[in-house]
Student: 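I'd like to ask some things about the structure below.
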Amino acid sequence: VITDQAFVTLATSDGYGQGALVLGSSLRGSQTTRILVILISPMVSQRVRTALACVFDEIIVVDVMDSRDSAHLALLGRPELGVTFTKLHSWCLIKYTKCVFMDADTLVLNNIDNLFEREELSAAPDPGWPDCFNSGVFVFRPSMDTYHRLLDFAVDYGSFDGGDQGLLNSFFSDWATKDIHKHLPFLYNLSSVAVYNYLAAFKRFGSQAKVIHFLGPVKPWHYTFIPDTHLVLTDTGKPKEPHIVDLLQLWWDVYFSSVMPLFT
Ligand code: UDP
Ligand code: MN
């Protein structure tokens, strides 16, 4: 195990905690040699924390509201950035020299430890606006200096999309043009919307995906999944595109095999 490098994720609720449990289990399944760290908010229940402790090496409770540090002060000026500020806390993990942040709604299909060969800030293009990177998967170097500069930046300029992605793209603003090595292949952050955006490419390259990202308001844990029939039920009752169902199936496979046993 390489003890100075870590995968980092974030969950501020039990719902995202379910996502994080699947992500963490999928990283274990990929035989990663790196440490698994999760940042949680005090809102996450004891039940979910106990399960998280089986999967993650380190659980760090971040309470931006209660802290008396600069993050709290910054939040007073920008209350809408609560979750974002918790994500920025990743830069405080200075016992690690390099980390890969992954959203709790991502799923690892193959070993991605080679991401640690990349430099800050490496990320894949966003499918909606490819001159911006998607902040669901990125390589970074923890640093208190960078952390404070990010907080100051957030207070001064806010986030053009109200979340961490807008903020990080404004802060690391030369990502689009400066260094192609900082552009991760789309396969390292394949968002499920690509199925709709470019189905032919999805059919051609989708099987090479390393990370699936269930971007958007409806997350895998919001569906009802029936294991026997592999049927995914949505609340609208609208049929889902079959490729999306296949991706949801991958998520639920990990949930049933690795996460559910943690709760019984
Ligand atoms: N997140 C969280 N609680 C929230 C919203 C977001 O913990 O209420 C974390 C979680 O890790 C999530 C990430 O922030 O994956 C980014 O949010 P989300 O994935 O919902 O955004 P999207 O990828 O859909 O744009
Ligand atoms: Mn996400």
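Numbering of ligands and ligand atoms starts at 1, following listing order.
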Student: Residue by residue, ordered by chain and number, which ones reach under 4.0 Å of ligand 1 with a heavy atom?
Tutor: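 Protein residues near ligand 1 are L10, A11, T12, Y16, V83, D103, A104, D105, H213, L215, G216, K219.
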Student: Report yes if some heavy atom in the side chain of L109 is under 4.5 Å from a heavy atom in the side chain of L107; otherwise report no.
Tutor: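 Counting from C-beta outward, L109 and L107 do come under 4.5 Å.
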Student: Does H183 reach the main-chain N or O of I180 with its side chain, forming a donor-acceptor pair under 3.5 Å?
Tutor: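 It does not hold such a pair.
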Student: Run the salt-bridge test on K182 and E120 with the 4.0 Å N-O cut-off and return the result as yes or no.
Tutor: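 No, K182 and E120 are not salt-bridged.
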Student: Which side-chain N or O atoms in residues 195-212 pair as donor and acceptor under 3.5 Å with protein atoms at least two apart or in another chain?
Tutor:
none

Student: Out of curiosity, K98 NZ to I2 CD1, how far, rounded to the nearest 0.5 Å?
Tutor: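 Rounded to the nearest 0.5 Å, the NZ-CD1 separation comes out at 11.0 Å.
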Student: How about W91 and F153: are their ring centres within less than 6.0 Å of each other?
Tutor: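 No.
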Student: Go through the structure and list residues passing salt bridge (charged side-chain N to carboxylate O under 4.0 Å, His left out) with R47, not counting sequence neighbours.
Tutor: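 Checked R47 against salt bridge (charged side-chain N to carboxylate O under 4.0 Å, His left out); zero matches.
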Student: May I ask whether F101 and I94 are part of the same hydrophobic cluster, defined by side-chain heavy atoms of I, L, V, M, F, W, Y residues being less than 4.5 angstrom apart, directly or through others?
Tutor: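 As far as the 4.5 Å side-chain criterion goes, I94 and F101 are connected within one cluster.
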Student: Mind counting the protein N, O or S atoms sitting less than 2.8 Å from the Mn ion (ligand 2)?
Tutor: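 Under the 2.8 Å cut-off, the count stands at 4.
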Student: May I ask you to decide if T97's main-chain N or O and R141's side chain share a donor-acceptor pair within less than 3.5 Å?
Tutor: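 Present.
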